[in-house]
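To start, the structure under review is shown below, and the notes come after it.
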Amino acid sequence: MEVTLIKWNKSLKDELIRICNSVDRSYLSGRIPDPYTSESADWWLGMVAEHDGVDGLFRAVAVDGEVVGTISVEQKGDVFCKDAEIGFFLLTEYWSKGVMTEAARQICEMAFDELDIIRITGLVYSPNRASQRVLEKNGFETEGRQKNAIFKNGSVYDACLYGKLKK
Ligand SMILES: CC(C)(COP(=O)(O)OP(=O)(O)OC[C@H]1O[C@@H](n2cnc3c(N)ncnc32)[C@H](O)[C@@H]1OP(=O)(O)O)[C@@H](O)C(=O)NCCC(=O)NCCS
């Protein structure tokens, strides 16, 4: 099984729509439109074209050439400008095979090389152990917990804060 990252571009629009409409959203923010339409994809691909390599990296996650997820590192603004936030999701049938751990390894290396940042932040809902493990296995350290910070689908969760510093 080979995990590769592909820069999101217009030729991957159908794959983008497919994965965004299939992903388990239990522990994702409401930022991703639902349903994810052709217009949603056009807007996002335009944003990526403008920002990729400038203040963010946005990659499709492919397994043996098939797009099965997405991962990004987005630089913050103002006094947080040397920090960037990582985000990712994967189609359910590919979970627990090490795919996102490898994708996160690759994008963190690229982000520290290509972006003007000194740390990467991960913010994970407390029950989302799989996501926490992906970060822990990539050298992210637990930095704190914002109690009751998240309200999603009628449930309240803590937000777990993770950080990885540039070496
Ligand atoms: C989070 C997500 C990307 C993980 O991707 P993945 O490729 O399955 O992750 P990996 O296989 O690389 O690693 C998962 C780890 O979590 C563990 N894990 C998986 N489900 C778990 C669970 N319910 N409880 C505890 N650990 C769990 C696996 O055992 C593995 O750890 P290990 O190697 O120590 O055994 C995937 O579950 C997903 O897309 N979830 C929905 C979207 C989401 O929550 N995104 C993150 C938002 S911060």
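Nothing fancy with the numbering, it's 1 onward along the sequence.
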To the closest 0.5 Å, what do you measure between [atom1] ([X]) and [atom2] ([Y])?
X	Y	atom1	atom2	value
Ile107	Met100	CD1	CE	9.5 Å
Met47	Glu50	CE	CD	9.0 Å
Lys164	Phe112	NZ	CZ	6.0 Å

**OP:** Find out whether Tyr125 and Ser29 are in side-chain contact, i.e. whether some heavy atom of one side chain is under 4.5 Å from a heavy atom of the other.
**Re:**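 Yes; the side chains approach each other to less than 4.5 Å.
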Original post:
Mind checking whether Arg18 and Leu91 have side chains closer than 4.5 Å, heavy atoms only?
Top reply: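 Arg18 reaches Leu91 side chain to side chain.
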Got a salt bridge between [X] and [Y], using NZ or NE/NH1/NH2 to carboxylate O under 4.0 Å?
X	Y	result
Arg105	Glu102	yes
Glu74	Arg31	yes
Glu136	Arg129	yes

Subject >> Residues Gln146, Leu123; criterion side-chain contact (heavy atoms from CB on, under 4.5 Å); working and verdict >> reply: CA-CA 10 Å; Gln146 296 173 301; Leu123 262 180; 3.9 Å; yes
**OP:** Locate the shortest heavy-atom distance separating Glu114 from Leu57; write the atom from each residue and the value.
**Re:**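 Result for this residue pair: OE1-CD2, 3.7 Å.
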**OP:** Taking all non-hydrogen atoms of both residues into account, name the closest pair between Ala60 and Trp8 and its distance.
**Re:**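 In terms of heavy atoms, the two residues are closest at N-NE1, 3.2 Å.
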**OP:** Dump the intermediate steps for side-chain contact (heavy atoms from CB on, under 4.5 Å) on Gln106 and Arg59, then the final yes or no.
**Re:** CA-CA 10 Å; Gln106 292 183 29; Arg59 297 289 182 271; over 6 Å; no
**OP:** Evaluate whether atom NZ of Lys10 has more than 12 neighbouring non-hydrogen atoms of other residues, nucleotides or ligands under 6.0 angstrom away.
**Re:**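 Incorrect, the count does not exceed 12.
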Original post:
Is the number of heavy atoms from other residues, nucleotides or ligands within 6.0 Å of CD (Glu143) greater than 12?
Top reply: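 Correct, the count exceeds 12.
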With clusters defined by side-chain heavy atoms of hydrophobic residues (ILVMFWY) lying less than 4.5 Å apart, directly or transitively, does [Y] cluster with [X]?
X	Y	result
Met1	Trp95	yes
Phe89	Ile17	yes
Tyr27	Phe151	no

**OP:** Take Ser38 and Lys13 through the side chain to side chain donor-acceptor pair (under 3.5 Å) test and state the conclusion after the steps.
**Re:** CA-CA 8 Å; Ser38 177; Lys13 180 176 169 179; 2.7 Å; yes
**OP:** Decide yes or no on side chain to side chain donor-acceptor pair (under 3.5 Å) for Thr121 and Asp83, but give the supporting numbers first.
**Re:** CA-CA 7 Å; Thr121 292; Asp83 186 12; 2.8 Å; yes
